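Okay, so here's the structure we're looking at.
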Amino acid sequence: MKSKERNEKIVTFIKDQFPGKEFIPLHVPYFGGNEKKYVLDTIDSTFVSSIGAYVDKFEELICQITGCRHAVAIVNGTNAIHLAMIVCGTKPNDEVLTQALTFIATCNAISYTGAKPVFIDVDKDTMGMSPSALSNFLEKNAEKRSDGFTYNKNTGRRISTCLPMHTFGVPLRIDKIAAICSSWNIVLVEDSAESLGSTFNGKHTGTIGKAGAFSFNGNKTVTCGGGGALITNDSELAKKAKHLSTQAKVAHQWEFYHNETGYNYRMPNLNAALACAQLEQLPFFLKNKRELAHRYQAFFAQMGMPTHREMQGSEANYWLNAVILDDLEGRNEFLEFTNANGVMTRPIWQLMNRLPMFNDCEHDGLENSQWLADRVVNIPSSFRP
Ligand SMILES: *Cc1c(COP(=O)(O)O)cnc(C)c1O
């Protein structure tokens with residue numbers, strides 16, 4: 001089939017999944033539950049800011065959904081990742097092993113800590129960090145010293161942290177990554193910003209590492225305008241995160257005493273109200289998105305085009321569906337045709353080491369990352385009422 005003909009067929013199929021719409025966006029929120037009621041409630045009560053019942057309820061709901069012991073409500077996902085690394089002990093001048101194929105927020109959060117990212121290749125199927133690439137990099141470049149920590153032999157810097165990212169909500173091989181990190185005494189923090197509702201061998205993403213972070217930005221599966229959450233099973237880490245997120249204020253009836261440099265990272269009650277109403281609908285969202293993913297998978301299989309999908313044993317939330325084009329030229333043609341014909345599509349991100357802030361960062365060959373960067377396109381994936 002010629003590519004024009006193929007692209008026409010794809011546009012028709014996608015439009016059929018969202019009937020009655022002239023323009024099909026990539027991902028839009030759906031407010032079908034208690035959103036208005038809960039938000040009005042915060043206004044009526046005057047508790048719109050960082051203290052309120054919805055913030056507490058939000059944290060409880062996140063614990064229920066993830067099975068994690070502690071959740072801390074944070075103002076956005078980027079800051080949740082930043083704070084997760086701080087409480088896990090990431091220090092300035094450390095190195096953090098992460099993906100070149102990720103959204104910028106992952107690497108910005110690393111920069112906020114004063115650490116340097118090192119880019120490890122991803123697996124083609126999960127599009128998340130590759131365990132073999134990770135262990136190859138460490139075998140070749142790292143050494144464990146007498147202080148018990150792992151150091152980069154080339155730079156002399158401590159490799160304290162590993163921050164993989166579950167791309168588009170499809171879980172990566174996190175069990176293998178966790179085992180490698182543990183053998184090198186590297187702390188594992190999960191950027192699970194995109195993967196609320198996704199599980200790996202029955203465990204929710206973000207709960208396998210020492211800490212995980214979610215985003216509730218407007219384009220995510222569940223949104224509260226802007227918001228984030230930090231999760232951990234370690235009660236000391238959770239306490240520290242909450243303390244740091246509220247300006248490190250020591251509790252007292254009236255005194256302003258702050259015992260270290262804190263952050264204003266707490267999620268306001270107004271946003272938490274919206275988040276609670278959305279989280280109540282999560283099972284319903286996931287079912288709906290899975291059904292769309294299955295339709296896409298069947299259709300694109302027929303077209304001979306691979307799609308991004310969960311591995312056996314894991315469950316994706318199918319936040320954003322992705323299809324793999326033949327090559328960069330085919331990808332560009334597809335992007336042009338779909339966007340000119342009322343179907344919004346977007347390429348996967350440019351590799352982080354190509355951006356000016358990170359072009360001096362160490363990386364491995366990144367073969368799979370580059371291969372995917374040239375071919376992967378996201379297609380409309382919103383909840384369908
Ligand atoms: C959305 C996202 C974030 C950050 O979330 P914000 O809430 O927008 O700050 C971080 N990492 C990844 C991979 C994301 O997709």
Side-chain angles (χ1 to χ4, degrees), residues 26-29 58 62 71-86 90 96-113 115 117 119-120 122 126-129 161-172 174 177 188-198 205-206 209 211-231 241 245 263-268 270-272 274-275 278-279 289 308 316-322 346-352 355 357-358 369 372-373 376 378 381-382:
L26 197 64
H27 201 280
V28 287
F58 169 78
I62 293 295
V72 182
I74 302 291
V75 76
N76 62 51
T78 312
N79 292 344
I81 302 167
H82 177 209
L83 201 54
M85 280 189 285
I86 290 178
T90 311
V96 177
L97 305 172
T98 190
Q99 299 167 200
L101 190 72
T102 185
F103 178 55
I104 186 71
T106 315
C107 295
N108 279 339
I110 294 169
S111 295
Y112 301 164
T113 68
F119 299 117
I120 306 296
V122 296
T126 67
M127 304 188 190
M129 189 181 281
T161 317
C162 180
L163 181 67
M165 194 279 283
H166 301 280
T167 301
F168 308 140
V170 170
L172 61 102
I174 194 70
I177 298 286
L188 176 61
V189 178
E190 290 174 74
D191 181 346
S192 42
E194 304 183 350
S195 63
L196 184 75
S198 306
T205 54
F214 296 111
S215 165
F216 302 92
N217 191 30
N219 62 346
K220 296 297 204 288
T221 302
V222 160
T223 186
C224 61
L230 184 163
I231 57 168
S245 73
Y263 301 87
N264 183 11
Y265 275 5
R266 191 77 170 149
M267 178 192 281
L270 189 63
N271 298 82
L274 193 53
Q278 286 264 289
L279 288 173
K289 291 171 80 69
H308 187 208
N317 64 3
Y318 289 114
W319 168 50
L320 282 186
N321 289 283
R346 287 291 179 265
I348 200 168
W349 316 281
Q350 291 200 27
L351 299 189
M352 292 296 112
L355 304 179
M357 314 77 89
F358 303 116
S369 304
L372 292 165
V376 174
N378 288 122
S381 302
S382 303

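Because the structure is a prediction, the values reported are computed rather than measured. In listed order, ligands and their atoms are each counted from 1.
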Worksheet item: Are the side chain of T161 and the backbone N or O of T90 linked by a donor-acceptor pair below 3.5 Å?
Response: no

Discussion item. Quiz question: by atom type and distance under 3.5 Å, do the side chains of T106 and D191 form a donor-acceptor pair?
Written reply: yes

Identify the protein atoms, limited to N or O, that lie within less than 3.5 Å of an N or O atom of ligand 1, and list each pair with its distance to 0.1 Å.
| residue | atom | partner | partner atom | Å |
| --- | --- | --- | --- | --- |
| ligand 1 | 5 (O) | S215 | OG | 3.1 |
| ligand 1 | 7 (O) | G77 | N | 2.8 |
| ligand 1 | 7 (O) | S215 | OG | 2.7 |
| ligand 1 | 9 (O) | G77 | N | 3.3 |
| ligand 1 | 9 (O) | T78 | N | 2.8 |
| ligand 1 | 9 (O) | T78 | OG1 | 2.5 |
| ligand 1 | 11 (N) | D191 | OD1 | 3.4 |
| ligand 1 | 11 (N) | D191 | OD2 | 3.0 |
| ligand 1 | 15 (O) | E194 | OE2 | 2.5 |
| ligand 1 | 15 (O) | K220 | NZ | 3.1 |

Item to complete: Would you confirm whether N76, through its side chain, and G226, through its main-chain N or O, come within 3.5 Å as a donor-acceptor pair?
Response: no

Worksheet entry | Those residues that, when tested against T126, pass side-chain hydrogen bond (donor to acceptor under 3.5 Å, both in side chains) (two or more places apart) | none

Fill in: Under the side-chain hydrogen bond (donor to acceptor under 3.5 Å, both in side chains) test, residues paired with E194 that sit two or more places apart
none

Discussion item. Using the side-chain hydrogen bond (donor to acceptor under 3.5 Å, both in side chains) criterion, which residues pair with T78? Sequence neighbours excluded.
Written reply: none

